Amino acid sequence: MRNVKALLPFLFLFPSCTAISTITPTQPIKEGQTLLSPGEVFELGFFSPRTSTNRYVGIWYHSVPPQTVVWVANRENPLKDSSGVFAVSGDGNLAVLDGRGKTLWSSGTSTASNDTTATLEDTGNLILRIGDSNSSILWESFDHPTDSFLPLMKLRADLKTGKRTILTSWKGEEDPSLGSFTLGLELHMIPQVLVWNGSARYWRSGQWNGRIFIGMPYMYNVYLNGPNLVTDEEKKTIVYTYSYYTEEYTRLWLEWSGVIKRTNWNLQKKEWSIPWMHMRTRCGLYGLCGPFGICKELGSRICVCMQGFQPKSIAEWNSGNWSGGCVRKAQLNCSNEGGKGDGFLTIGGVKMPDFSDWKRGVSDGKACEDDCLKNCSCIAHAFVSGIGCMNWGGDLMDIEEFSSGGENIYIRLADSELGGKRGLKAIIIVVIVVLGVVIIVVCACIYRRWTTKQRDSVRKIKWQEMTLFHMGRNLDALGNSSDADIRRDGGNQTQGPELPIFEFRMIAKATQHFSDANKLGEGGFGPVYKGKLPDGQEIAVKRLSKTSGQGLQEFKNEVMLISKLQHRNLVRLLGCCIEREEKILVYEYMPNKGLDSFLFDPSHQSVLDWAKRFRIVEGIARGLLYLHRDSRLKIIHRDLKASNILLDGDLNPKISDFGMARIFGGDENLVRTNRVVGTYGYMSPEYAMEGRFSEKSDVFSFGVLLLEIVSGKRNTGFYHHEHSLSLLGHVWRLWNENKMLEMIDTALGESFPQSEVLRCIHVGLLCVQQFATDRPTMSSVVFMLDSDIANFRKPKQPAFTERRSQSESDSSERSHKKCSVNEVTVTMIHGR
Ligand SMILES: *[C@@H]1O[C@H](CO)[C@@H](O)[C@H](O)[C@H]1NC(C)=O
Ligand SMILES: *[C@@H]1O[C@H](CO)[C@@H](O)[C@H](O)[C@H]1NC(C)=O
Ligand SMILES: *[C@@H]1O[C@H](CO)[C@@H](O)[C@H](O)[C@H]1NC(C)=O
Ligand SMILES: *[C@@H]1O[C@H](CO)[C@@H](O)[C@H](O)[C@H]1NC(C)=O
Ligand SMILES: *[C@@H]1O[C@H](CO)[C@@H](O)[C@H](O)[C@H]1NC(C)=O
Ligand SMILES: *[C@@H]1O[C@H](CO)[C@@H](O)[C@H](O)[C@H]1NC(C)=O
Ligand SMILES: *[C@@H]1O[C@H](CO)[C@@H](O)[C@H](O)[C@H]1NC(C)=O
Ligand SMILES: *[C@@H]1O[C@H](CO)[C@@H](O)[C@H](O)[C@H]1NC(C)=O
């Protein structure tokens, strides 16, 4: 430790840039001295903003011009001269003192000792501890941010205590004192980020849906680098998953003007960029169009009233003062008897309005609607995957309609506004539009087929999208088989697979006319019922909802696929039924529910001891291997997850739900799709980000599943109070610290063969590696699971713990325009 007194003469002569590494009771910081972080990323010292003469203590990037301050201590009490000291004061707190020893600012925490030291981390966090650097943290600047949100900083909101982290803007460019803009998480079950101007809402991110904020649909593109939100019942925490030391320094900055900017300093190019800011569009301004108004950035008019509403004051509205908003044309009639009550109007692709209520335990959109219909003060509802059922009681504020992305909301309207003449008019318009679109699509298809053929002959396209349109051709081309396509042969079953066609009557009888008592669950494409055939065989019946536009394609896909697959670890399709509008799949019935209902349910966890879990893991692996390699076709499941693993009476796992599966040709290894389907948490990064999938995407999902089986915890919704953002991150940390045993499900007790469990974790980590090429194939997974040797390759860092490396994002251009990541996959037996 250097002696300050000895330094003083030097300071006098060379009043610039003496850097120290810690502040201790005997080693304060004075004008001309700075505190440097170990990697020289951040620097703490005295500064004056621009032309101001006031002196402040702050933290800025060490080697980035111009000086960019990310934290200020004495924002309200500037020093007027250069006599200030930043020191550990008598009570152990950090303090800014002026020349006469008056305290201008203090960290103000209760300290047990005055023997404290402060260090500046490379993250930009100033940390105060007792004694040496290993003791616990007394105070940290990350808990008291000013106007910058740095990577690894946490923005917290605790619903129980009402405490939250708030950023407060500067007052002006040269004035760090408290400005009028603040930013924080809202204290609400469905978290969203808000910027307030004073006490008025100024900007809103939209609700967090588990992946992104709904009001920021473009976030899908920055998914891996952007903020992540960790929630449990009471605590909401938002963290940047960015790592600060890679190619750029990044921060979110609440500017004095109220604008949030993400600013990046690129270390190679040595330049600033602002890749994102809100308020670049007018619709960013909170509630621009008033209650029941919809903001459309690209519309011919920026504000419009919702259908069934009209401007409150037409004169004001037309003069561009939209703040009054819109009012109902026809009052609601809440008596829903006789079918003449109110109905719901769908508005698609919007940023959900503010002030939503969250309905606990509502499992699907229908129940959500019923719930809302019953309650006269409920004027809108929505069911969003990742959130669940929301409804609204008051004015609908701050709605934006996006040109792509967004969610559907259902607005309660009087019957007269939905049907009637206006409705007829709307229907006619819709019909015309639809007809037009159909004609265009048909033309485009013909054109595409034509051009594709041309290209085929020149460039030999290696793969074909397995669309309904191509299905028959595709299968024939792949297998040179005589299997007929159900669609084509229309009942000519002589050559086709031996798939019984059930009569609708029979199925209706077996399920007691699809009675609610027999309902097992509800998936994205329709409900699933239990049934009993006349001969006593139990069946599970998936009835595709008539309205699901995707239904037909998924249906045929599933029928085609499953009817050809026979494996003890795949759920068996017994038959199907296509009659009038009905599309029905008949499966063997699984008395036990999905794996998730055992794994994540505290009351059932103990049923699965290690031996059973291991057998399940092996079964899934074999089933997948069969899909990938051993079946005649190569099949990528694309939606492997715990709820799609069904357990039979002996707890044998059976992979189910092939609605999303794709068939690959023999030498195709990678396909890119514009339509990303799957379930968040199980999707590999290359699939989620770029829509590229291969058998390695399934391997990734398998890895996640494996780690979930070992830990008994969900990957999504996993919450670890300290470091990690995901189960994967957590496991990776424990792996590096060689503390893998800590992640094993406590429900397993003590009785498990350690080596086998550790082997599973090892294999799991190999499967979730960031790059597809690093991940093993299913055949080596099966081999590794069964082998006794434990020295496999060491896993590299899994995806979703760190940002992606540059090389990967370069090698694959972003192809998909709109990414619809649905959690609407059909959970066959288990209704969430
Ligand atoms: C710390 O406290 C002790 C007594 O509790 C006192 O003797 C000592 O002078 C204090 N040190 C400083 C730097 O204030
Ligand atoms: C702090 O902890 C690390 C490892 O836990 C140890 O190596 C180091 O010696 C400790 N430092 C001090 C000052 O105790
Ligand atoms: C913020 O609010 C203040 C007072 O309420 C107002 O004068 C100011 O214009 C608002 N700022 C912005 C950018 O809207
Ligand atoms: C806009 O209309 C509201 C009432 O709807 C009124 O209070 C406000 O003063 C108007 N603003 C302007 C700028 O005219
Ligand atoms: C509401 O509905 C009832 C029954 O359908 C009808 O008799 C009544 O006139 C309606 N009231 C309004 C205001 O539309
Ligand atoms: C009806 O809806 C309103 C608004 O959503 C809500 O505040 C109220 O609690 C609901 N009442 C019932 C009985 O669910
Ligand atoms: C397809 O079948 C035909 C006739 O059965 C046979 O001549 C041909 O070699 C087969 N092609 C392949 C790729 O198996
Ligand atoms: C399909 O069935 C018809 C009679 O229903 C029969 O004439 C025809 O040969 C069958 N097609 C094939 C490919 O077997």
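Keep in mind that this is a model prediction, so the values were computed, not measured.
- In this structure, Thr777 OG1 and Leu625 CG are separated by 8.0 Å, a value rounded to the nearest 0.5 Å.
- When all heavy atoms are compared, the tightest approach of Leu728 to Asn715 is N-OD1, 3.8 Å.
- For the atom pair OH of Tyr682 and OG of Ser643, the computed distance is 6.5 Å after rounding to the nearest 0.5 Å.
- Of all the heavy atoms in Arg613 and Leu748, the pair that sits closest is NE-CD2, 3.7 Å.
- Between Tyr626 and Leu570 the shortest side-chain heavy-atom distance falls below 4.5 Å.
- If you run side-chain contact (heavy atoms from CB on, under 4.5 Å) between Leu574 and each of Leu585, Val541, Val586, only Val586 comes through.
- Between the side chain of His628 and the backbone N or O of Gly623 there is no donor-acceptor pair closer than 3.5 Å.
- A pairwise comparison of heavy atoms in Cys760 and Val710 identifies CB-CG2, 4.0 Å as the closest pair.
- A donor-acceptor contact shorter than 3.5 Å links the side chain of Gln605 to the backbone of Leu599.
- No hydrogens or angles considered: a donor-acceptor pair under 3.5 Å links the side chains of Thr250 and Asn264.
- Contact record, Cys767 with Val781: SG-CG2, 3.8 Å, taken as the closest heavy-atom pair.
- Closest approach of Pro795 to Leu766, counting heavy atoms only: CA-CD2, 3.7 Å.
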- [ ] Under the side-chain contact (heavy atoms from CB on, under 4.5 Å) rule, what do Ile214 and Ile387 come out as? Steps first, then yes or no, please.
- [x] CA-CA 11 Å; Ile214 293 177; Ile387 297 178; 3.9 Å; yes
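- Proximity of a side-chain donor or acceptor of Ser711 to a complementary backbone N or O of Leu707 within less than 3.5 Å is detected.
- A salt bridge links Arg622 with Asp786: the closest approach of a Lys/Arg side-chain nitrogen to an acidic carboxylate oxygen falls below 4.0 angstrom.
- In this structure, the side chains of Phe752 and Ile744 come closer than 4.5 Å at one or more pairs of heavy atoms.
- Taking 4.5 Å as the limit, some side-chain heavy atom of Ile709 sits within range of a side-chain heavy atom of Ile620.
- Side chain of Asp601 to main chain of Ser603: a donor-acceptor pair is present (N/O by atom type, distance under 3.5 Å, no hydrogens or angles).
- Within a 6.0 Å sphere centred on CZ of Arg568, other residues, nucleotides and ligands contribute 12 heavy atoms or fewer.
- Within the 4.5 Å cutoff, the side chain of Ile539 has no heavy atoms near those of the Tyr529 side chain.
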Task: Step-by-step side-chain contact (heavy atoms from CB on, under 4.5 Å) determination, Leu706 to Val763 - done: CA-CA 8 Å; Leu706 179 49; Val763 173; 4.0 Å; yes
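- Taking CZ from Phe614 and CG from Leu785, the interatomic distance works out to 5.5 Å, rounded to the nearest 0.5 Å.
- Each of Met740, Gln797, His730 was checked for a side-chain contact (heavy atoms from CB on, under 4.5 Å) with Trp735, and the lone residue meeting it is Met740.
- A distance of 9.0 Å separates CG of Asp596 from CG of Leu647, quoted to the nearest 0.5 Å.
- When all heavy atoms of Trp732 and Pro798 are compared, the closest pair comes out as CD2-CD, 3.3 Å.
- The line from CE of Met590 to CD of Glu588 is 3.5 Å long, rounded to the nearest 0.5 Å.
- Contact check on Asp774 versus Lys696 returns no salt bridge, with no Lys/Arg side-chain nitrogen under 4.0 Å from an Asp/Glu carboxylate oxygen.
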- [ ] Output, in order, the C-alpha distance, side-chain angles, deciding distance and verdict of side-chain contact (heavy atoms from CB on, under 4.5 Å) for Tyr587 and Lys542.
- [x] CA-CA 8 Å; Tyr587 292 93; Lys542 180 155 122 189; 4.2 Å; yes
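- Put simply, the side chain of Asn592 gets close to the backbone of Asp648: a donor and an acceptor are under 3.5 Å apart.
- A distance of 12.0 Å separates CZ in Phe700 from CG in Leu705, rounded to the nearest 0.5 Å.
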Open item on the list: The test is side-chain contact (heavy atoms from CB on, under 4.5 Å); show your working for Lys654 and Asn569 and say whether it passes.
Closed with: CA-CA 4 Å; Lys654 306 223 174 201; Asn569 294 117; 5.7 Å; no
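- Inter-residue side-chain proximity for Trp610 and Val757 is flagged as met; some heavy-atom pair is nearer than 4.5 Å.
- A salt bridge does not link Lys641 to Glu708: none of the charged nitrogens lies less than 4.0 Å from a carboxylate oxygen.
- For Asp609 (side chain) and Lys612 (main-chain N/O), a donor-acceptor pair under 3.5 Å exists by modelled atom type.
- Contact check for Lys530 versus Glu538: side-chain heavy atoms found under the 4.5 Å cut-off.
- In terms of modelled atom types and a separation under 3.5 Å, the side chain of His637 and the main chain of Ser656 share a donor-acceptor contact.
- For the pair Arg793 and Gln769, the minimum side-chain heavy-atom distance is below 4.5 Å.
- Taking the side chain as every heavy atom from C-beta outward, Gln754 and Leu741 approach each other to under 4.5 Å.
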